[in-house]
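Each chain gets a letter, A, B and so on, in the order its sequence line appears, and its residues count up from 1. Nothing here was measured: the structure is a model prediction, and the numbers come from that model.
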Protein chains: 2
Amino acid sequence: MKKDGAKGELQKNKILNAARELFATKGFEATTTREINRQTDSAEGLLYYYFPHGKREILDTIIYEGIQSRTNAIDFKFHSVSSVADIEQQLLNAFDQIWQIFSQQENYYSFMITIRERALLSNKQAKWLQDLIKEVRQLLIDFLTPATEKLGLQQDNIPQLVDIILSLFQSSIYDELLINNNQELNNQISHTVQSQLHLIVTSILVEK
Amino acid sequence: MKKDGAKGELQKNKILNAARELFATKGFEATTTREINRQTDSAEGLLYYYFPHGKREILDTIIYEGIQSRTNAIDFKFHSVSSVADIEQQLLNAFDQIWQIFSQQENYYSFMITIRERALLSNKQAKWLQDLIKEVRQLLIDFLTPATEKLGLQQDNIPQLVDIILSLFQSSIYDELLINNNQELNNQISHTVQSQLHLIVTSILVEK
DNA sequence: GTCTATAATTAGATAGAC
DNA sequence: GTCTATCTAATTATAGAC
């Protein structure tokens, strides 16, 4: 009868947490199992008790749990649209939620690992990553589509508008995390995206 | 009198080319010097004749040459603006140039390495990366600024518009290279960016 | 400039006591 | 479930012949 004892789960998480930080900051290959053991104050053999397949199994677990965590955190709670200003506000809230997700250290780490070790991912793992982005995209499309008539926009243009908005979101985060290597998301950037979104929404959407 | 003999340069480039491909596809740490030697059909010791400081020196050279190459390739040749349609066309040409740069395998490899091994970069190397993006941004600002009056746009809004346009460019490339892990840039994506740019430019800019 | 051979170190992983 | 001790293989790097 396999039951996750509290003690075992604790140690397993200690290993995962240490590995997540090390993989994110130094990279998967550059991190040694010895370093993980040192950081968890545990002996050489113990790691293989919890992860019989070694380092790669730890990576896989981090990738999986990271996607799970980020997916579960997405919960936009859109309500039906009234005005252009209302649309803008709801899109801002959505961006804020994404921003909050990446501001959490565990999510930040697992995202960085997923991108950085992208070449190591199995097809299945890569699909998780792509599906998460697709899901966000679809949620935004479903949110905007009912309002098409009011907004002087062709139904066909909605995906296009959504892609533009997503580009703003993505670029701001990628720039900050991948190019500037900042672990802490800067509020200034969030404001920049807000004003970009304002310009886009008020220019493209026209209340009728 | 140190003079780069043709033979020496050849071998040095063979090493750099092999390492560039391996670092980009497997990662820096995961690539062994043995593998580089095998791929260049040369013996164990030779690598250290050309790169006395070993693997890290090879990485630094690739990073440096990559930034140089991508920087030199940026040459937008904007001419002064007449109409909104003209602006759109010139921006499209700029995007096309960026697209072409990333379509070249060497540039693609060095870019992937630079992003993937971002955490290993020195401050100086990181600054090169940031400055390249800033330079592109500034070129676009300088291109659009003279046309401000004609376009019903505040001078202050130009950087904002440029950032939006750059987000479209960046996202399309990052998505393709980092998320989807495609080595070949897909023309479909280029068309998507074109139509996004069209929507943005025609919505935000108004001829007077 | 290029080679062979090898030193020195460190990596991931395992065996087996407690 | 956690520990110590250690194996095996691979890694970077060097010495020195040609």
[X] has an atom [atom1]; how far is it from atom [atom2] of [N], in whole Å?
X	N	atom1	atom2	result
Tyr48(A)	dG1(D)	OH	C1'	17 Å
Ile15(B)	dG1(C)	CD1	P	12 Å
Arg56(B)	dT11(D)	CZ	C1'	18 Å

Exercise. With under 30° as parallel and over 60° as perpendicular, where do the rings of Phe169(A) and Phe95(A) fit, or are they tilted in between?
Worked result: tilted

For this session: Return the orientation label for the Phe78(B) and Phe143(B) ring planes: parallel under 30°, perpendicular over 60°, tilted otherwise.
Result: parallel

For a quick test of your reading: what N or O donor-acceptor pairs under 3.5 Å do the side chains of residues 128-136 of chain A make, sequence neighbours left out?
{"unit_1": "Gln130(A)", "atom_1": "NE2", "unit_2": "Asn180(B)", "atom_2": "OD1", "d": "2.9"}
{"unit_1": "Asp131(A)", "atom_1": "OD2", "unit_2": "Lys127(A)", "atom_2": "NZ", "d": "2.9"}

Problem set entry | DNA chain C-proximal residues of residues 26-34 of chain B, any heavy atom under 4.0 Å | none

Exercise. Quick one: does Tyr48(A)'s side chain get under 4.5 Å of Thr33(A)'s, heavy atoms only?
Worked result: yes

Exercise. Does some side-chain heavy atom of Thr145(A) sit less than 4.5 Å from a side-chain heavy atom of Gln155(A)?
Worked result: yes

Exercise. Lys55(B) side chain: which of dT12(D), dG1(C), dT2(D) is closest?
Worked result: dT12(D)

For this session: Looking only at side-chain atoms of Gln11(B), point me to the closest of dT2(D), dT2(C), dA13(D).
Result: dT2(C)

Problem set entry | Over-ring placement of Lys124(B) relative to Tyr64(B), 6.0 Å and 45° cut-offs | no

Exercise. Would you find a donor on one side and an acceptor on the other, under 3.5 Å apart, between the side chain of Glu88(A) and the backbone of Leu197(A)?
Worked result: no

Exercise. Between residues 35-47 of chain A and DNA chain D, which residues have a heavy-atom gap below 4.0 Å?
Worked result: Ser42(A), Ala43(A), Glu44(A), Gly45(A), Leu46(A)

